[in-house]
Every structure is written in structure tokens, then in C-alpha cells.
Amino acid sequence: MGKAIASMTGFARAEGEYAGTTWSWELKSVNGKNLDARCRVPNGFEVLDAKVRSALAKSFKRGNFHVNLVIDNKHKPVQLQVNEDILQQVIPLATRIGNDLDAVAPSIDGILNLRGVLELVEEEESQDEADARLRKIETSLSVAIEAMQSTRREEGARLAEIACGQLDDIENLQKEATKLAATQPAAIQDRFNKQLSELLSDASLVSEERLAQEIAILVTKADIREELDRLAAHVAAARELLENGGPCGRRLDFLCQEFNREANTLCSKSSDVALTTIGIELKATIEQLREQIQNVE
């Protein structure tokens, strides 16, 4: 048994904290022909955009990804600080107004309560601290990607189970069609003779050799054994891809196109109601299989 197949649909979340800063990564992925990523990071963390794309390319082959990083600095240490520029403007202004109005001089707490005199500022962090925080955020990204891989593999296992069941259905229909195909030459000959008898009052006017030639042509045109053999080969190939696993969605999608081609030819060549019914059931089952395969990486 090879690698497990993976779905292209998944969701993952990872959180982290360092020196009062908390963050969370959210990853979502849906179907896509190729690998495409849309990344949203806060201002000041743009360097992570390229790292996200590189990490996704190493871990996934296909899918449309939406990556979002939310950072919260509410718990970072802060301190009160006097805005000296504003204070130097407030003191002489308050003194002058107090003299003009013969009012009581402003108190210290009154001045400090004036808007803008006192400010809450975050403690400056060193470059080493900033780098350490960035490394931890990147580590959380790796955790989120691993979680995404796990959810996509779990969904892939369910897809594989469904697809294997549908391949079983296709194989059973192929076997039923093979049994009916074996009776087609005799049925075509019988139908041809009946139609000829209705058209000609004296069937002896047509030689047996000519009749045999015409019947042989009809049988050749209606022969579906080659299509049925290819259908069986496609089923075996699809099962092998599912068993080997890994990114095999494109090849499975190609096989679904081949399945459908054989089913369409079977229906067009069929001269039997039962065989046509099988062909229609085949097409319906193949379409159901294709819908599942669209989700495979």
C-alpha cells in the first residue's frame, strides 16, 4: 500500500503566544486545478507572505488556499509616559489663563488628566525579541500545515472508499455487458433475417453468402468487446492509482474521461435494450465517480 490519497478540501487552525503577543493561523483549502494561495497578514508581517507560499508548495500539489494570520498585542507590557511636547505647551498656557482670570493655578493631577499629556506606550522590544517572535509564528504555521495535511488525508480516505465502491459498480456493469455482448451476434442475425423476410417475399433471391457478409458487417459494427476490455483495463488502472496514493487526482480525472468515452461508444453501438440500459447506468456511475475524483489532490 502506497501513500494515502488526499482531498483538496480542508481546514486547520493553530495558535501561539510570545511575550504578551498572541496570534492564530487559519488555513482553508478547496478544489483547484493547480496550487494557488491567498494570504492575509497584518501590517509589518509582510515577510511571512513568501514564507507561507513556500511552505504550502512544499506540502501540497493542488488546491486553492486561503491563509489568514491574526495578531493580538493587547497583552504586551505597556507603561505610562508623559508627552513632553504637549506638557511644555500646556503649562505656560494654563498659567497665562489662570493669571488672566485670577483663577487658582492648575494642579498637577489636573494637568496630567488633560488629553494627550499622558500616553500608554508599548515597551520597546529588541531585534532579538522580534526575531524570536517571528520564528514562533512560523512554527505555528508549520503546525497548521501539518493539521491541514491530516484533515485532507482523512477526507481523502473517505473519498477513496467511495471511489472504490463506484469502481466495483462499474466493474459489475462491465461484466453484465460482457455477458450480453456474447449474445449480440446471434440476436443481430435473427433480427436481420426477420427484417429481410418482411422486405422480400422471396428471401431466396439473396444468396446465403451475401446474407453472411451483411450480417458480418453489422456484427463488426456492433461489436463492443474492445470497449468492454478497455473499460476493465481502466478500472484496474484506477484501483492501482487509489492503492498507490499520493497526488493522483489529475490521472484519475483523465481515466474518468476514458470511462465516459467507452460508455458513450457502448450506448451508440448497442442494438439491445438491456445493453443500452447498462450503458446508461454506466454513464451515471461514472459521473458520480468523476464528482468524487474532482476533490482528489
Side-chain angles (χ1 to χ4, degrees), residues 1-14 26-37 55-67 142-180 227-267 277-297:
M1 188 70 175
K3 298 178 181 178
I5 71 167
S7 167
M8 286 190 283
T9 303
F11 174 83
R13 179 183 175 89
E26 279 194 359
L27 279 64
K28 298 178 183 177
S29 70
V30 295
N31 300 356
K33 291 184 178 180
N34 300 298
L35 180 65
D36 181 60
L56 292 176
K58 290 178 181 177
S59 302
F60 306 100
K61 297 299 181 184
R62 297 173 66 201
N64 289 325
F65 286 82
H66 296 266
V67 181
S142 298
V143 172
I145 288 177
E146 288 177 6
M148 173 65 85
Q149 288 176 314
S150 178
T151 59
R152 284 171 48 127
R153 283 194 296 264
E154 289 174 5
E155 178 64 20
R158 287 191 285 270
L159 290 177
E161 184 177 355
I162 294 172
C164 285
Q166 290 165 338
L167 287 172
D168 289 342
D169 292 340
I170 292 173
E171 183 179 47
N172 290 334
L173 289 168
Q174 182 266 343
K175 289 178 178 178
E176 289 182 34
T178 300
K179 292 177 182 178
L180 287 174
E227 285 75 18
L228 292 174
D229 288 344
R230 284 199 295 265
L231 200 58
H234 296 333
V235 168
R239 282 178 173 154
E240 184 177 0
L241 285 173
L242 289 171
E243 185 173 344
N244 291 338
C248 58
R250 290 183 185 277
R251 285 172 289 176
L252 286 170
D253 187 58
F254 172 75
L255 279 176
C256 281
Q257 297 177 36
E258 296 300 306
F259 278 133
N260 207 46
R261 183 177 290 111
E262 308 305 342
N264 284 334
T265 305
L266 187 152
C267 288
T277 300
I278 289 176
I280 293 172
E281 289 183 21
L282 265 173
K283 293 177 67 173
T285 306
I286 292 165
E287 179 60 23
Q288 292 169 359
L289 175 64
R290 190 190 67 82
E291 290 175 0
Q292 299 299 325
I293 295 307
Q294 296 298 310
N295 296 320
V296 175
E297 183 180 20

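Residues: numbered from 1 along the sequence shown. Below, each value reflects all heavy atoms present in this structure, side chains not excepted, and no hydrogens, waters or symmetry copies.
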Item to check | Verdict with supporting geometry, E227 and R230, side chain to side chain contact (heavy atoms under 4.5 Å, CB included) | outcome: CA-CA 5 Å; E227 285 75 18; R230 284 199 295 265; 3.7 Å; yes
Checklist entry - Taking 4.0 angstrom as the limit, do E155 and R158 come out as a salt bridge? => result yes
Checklist outcome for this item: Separation between CG (N31) and CD (E297), nearest 0.5 Å, reads 11.0 Å
Checklist outcome for this item: Taken to the nearest 0.5 Å, the spacing of C164 SG from D169 CG works out to 11.5 Å
Checklist entry - For F11, which residues count as a side-chain contact (heavy atoms from CB on, under 4.5 Å) partner, sequence neighbours excluded? => result R13, E26, K28
Next on the checklist: Just to verify, what does E258 make a salt bridge (Lys or Arg N to Asp or Glu O under 4.0 Å) with, not counting sequence neighbours?
Outcome noted: R261
Checklist entry - For M8, does its backbone N or O pair with a side-chain atom of S29 as donor and acceptor, under 3.5 Å? => result yes
Next on the checklist: Filter on ring-ring contact (aromatic ring centres under 6.0 Å, His included), then keep only pairs touching residues 243-267, sequence neighbours left out; what's left?
Outcome noted: H234-F259
Checklist entry - For S7, what residues pass the side chain to side chain donor-acceptor pair (under 3.5 Å) criterion, not counting sequence neighbours? => result none
Checklist entry - How would you list, by chain and number, every residue that makes a side-chain contact (heavy atoms from CB on, under 4.5 Å) with T277, sequence neighbours excluded? => result V273, E281
Next on the checklist: Before you tell me yes or no, could you show the steps for L289 and L252 under side chain to side chain contact (heavy atoms under 4.5 Å, CB included), namely the whole-Å CA-CA distance, both residues' side-chain angles and the distance that decides it to 0.1 Å?
Outcome noted: CA-CA 10 Å; L289 175 64; L252 286 170; over 6 Å; no
Next on the checklist: Testing the basics here: between G32 and N64, what is the closest heavy-atom pair and its distance to 0.1 Å?
Outcome noted: CA-ND2, 3.8 Å
Checklist entry - Would a 4.5 Å heavy-atom cut-off, applied to side chains only, mark R250 and R62 as touching? => result yes
Next on the checklist: Suppose we screen for side-chain contact (heavy atoms from CB on, under 4.5 Å). Which residues come up paired with N260, at least two apart in sequence or across chains?
Outcome noted: N264, K283, I286
Checklist outcome for this item: With sequence neighbours left out, the residues meeting side chain to side chain donor-acceptor pair (under 3.5 Å) with E287 are R290
Checklist outcome for this item: Heavy atoms of C248 and V296 approach each other most closely as SG-CG1, 4.3 Å
Checklist entry - Do you know which two heavy atoms are closest between I5 and G245, and how far apart they sit? => result CG2-CA, 3.5 Å
Checklist entry - Is a side-chain donor or acceptor of Q292 paired with a backbone partner of L159 at a separation under 3.5 angstrom? => result no
Checklist entry - How far does OG1 of T9 sit from CZ of R152, to the nearest 0.5 angstrom? => result 8.0 Å
Checklist outcome for this item: Nearest heavy-atom contact between V235 and L167 is CG1-O, 4.1 Å
Checklist entry - Does E161 have any side chain to side chain donor-acceptor pair (under 3.5 Å) partners at least two apart in sequence or in another chain, and if so, which? => result none
Next on the checklist: Could you work out, with salt bridge (Lys or Arg N to Asp or Glu O under 4.0 Å) as the rule, every residue matching D168, not counting sequence neighbours?
Outcome noted: R239
Item to check | Derivation and outcome, side chain to side chain contact (heavy atoms under 4.5 Å, CB included), residues L56 and V67 | outcome: CA-CA 10 Å; L56 292 176; V67 181; 4.1 Å; yes
Checklist entry - Atom CD in E291, atom CD1 in I162: separation rounded to 0.5 Å? => result 11.0 Å
Item to check | All salt bridge (Lys or Arg N to Asp or Glu O under 4.0 Å) counterparts of R251, not counting sequence neighbours | outcome: none
Checklist entry - At their closest point, which heavy atom of L35 faces which heavy atom of F65, and how far apart are they? => result CD1-CE1, 3.3 Å
Item to check | Approximate separation, where rounding is to 0.5 Å, of L282 CG and L173 CG | outcome: 4.5 Å
Checklist outcome for this item: With sequence neighbours left out, the residues meeting side chain to side chain donor-acceptor pair (under 3.5 Å) with Q294 are D253
Checklist entry - Excluding sequence neighbours, so at least two apart, what forms side-chain contact (heavy atoms from CB on, under 4.5 Å) with A147? => result A12
Next on the checklist: To check you understand the geometry: which heavy-atom pair defines the closest contact between I278 and E176, and what is its length?
Outcome noted: CD1-CB, 3.7 Å
Checklist entry - Should I293 and L255 count as side-chain neighbours, where that means a heavy-atom distance under 4.5 Å? => result no
